[in-house]
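Below: one structure, written as structure tokens.
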Amino acid sequence: MIRCLIVEDEPVARDILRQYIIDTPNLNLEGECDNALTALDFLNSQKVDLIFLDINMPKLSGIDFIKSLRNPPEIILTTAYSEYALESYELDVLDYLLKPFSFERFLKAVSKFPISGNTSIIDDLTVKANGKTYRISISDILYAESLGDYITLVTINNKLTFNQSLKSFLKQLPENEFIRVHKSFIVSLRNIDYVEGNLISISEKMIPIGKAYKKDFNKVFS
């Protein structure tokens with residue numbers, strides 16, 4: 001079951017989200033908070049997998065709430081204002097729901113929830129891009145680059161662009177073979193040609209290592 005938390009200051013919006021969660025298989029509502037400060041207290045004592053988070057709230061906005069979390073769970077933002085869309089995807093949220101949204105749109109957002117922590121041995125995965133479904137060999141993946149709310153996946157023989165956050169895509173990959181090295185890049189450890197300073201070379205592409213990711217990268221590649 002996916003453990004959910006609603007963080008929403010509007011009672012009507014909470015009612016809608018609650019009913020949508022109840023009506024969706026594999027979702028379990030763990031709690032409801034009417035502001036972000038209460039949600040912080042809730043998360044100190046209880047773990048959740050997915051937060052439905054309103055952006056416009058008193059005292060602490062949804063955006064600032066996300067920035068305050070060290071290891072946030074998956075987040076689906078809800079708001080009546082479309083101008084927050086770009087900023088939301090820069091924060092690696094799972095999806096962005098513009099109020100009022102239908103149950104169908106809600107289900108589409110929830111369907112993006114990744115299978116957590118893939119440590120199993122897998123040989124390939126499927127990717128939907130350009131109206132087609134591609135089967136990609138794990139060994140062929142070179143790197144993935146985030147471009148706003150899209151990812152460009154570069155393989156030995158192909159380059160595909162599709163709608164997904166980098167954070168959720170990483171969870172689909174074997175964690176012992178791939179690592180995030182920058183807010184905009186995931187790389188294949190097996191396909192690294194060399195590392196020079198804070199740059200990784202993969203198939204002549206120079207990929208930066210972000211300060212926040214350098215320590216973890218050095219643990220697995222040094």
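Keep in mind that this is a model prediction, so the values were computed, not measured.
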With no hydrogens and no angle check, is any side-chain donor or acceptor of Asn35 less than 3.5 Å from a backbone partner on Leu60?
no
Where the side chain of Asn28 meets the backbone of Arg3, is there a donor-acceptor pair that is under 3.5 Å apart?
no
Report the residues that fulfil side-chain contact (heavy atoms from CB on, under 4.5 Å) with Thr152, sequence neighbours left out, ordered by chain and then residue number.
Leu147, Val154, Lys159, Thr161
Could you go step by step and tell me if Phe185 and Tyr213 meet the ring-ring contact (aromatic ring centres under 6.0 Å, His included) rule?
CA-CA 10 Å; Phe185 286 97; Tyr213 303 90; over 10 Å; no
Under 4.5 Å side-chain linkage, directly or through intermediates, the cluster mates of Ile22
none
Is the distance between the ring centroids of Tyr20 and Phe52 less than 6.0 Å?
no
Within 6.0 Å of NZ in Lys99, more than 12 heavy atoms from elsewhere:
yes
Backbone of Ser203 reached by a side-chain donor or acceptor of Asp193 within 3.5 Å
yes
With Glu32 via salt bridge (charged side-chain N to carboxylate O under 4.0 Å, His left out) - residues at least two apart
Arg14, Arg18
Taking 4.0 angstrom as the limit, do Asp95 and Lys108 come out as a salt bridge?
no
For a quick check under 3.5 Å, do Asn158 and Thr155 share a side-chain donor-acceptor pair by atom type?
no
Pair Phe221, Phe217 - check ring-ring contact (aromatic ring centres under 6.0 Å, His included), show working.
CA-CA 6 Å; Phe221 195 96; Phe217 177 72; 5.5 Å; yes
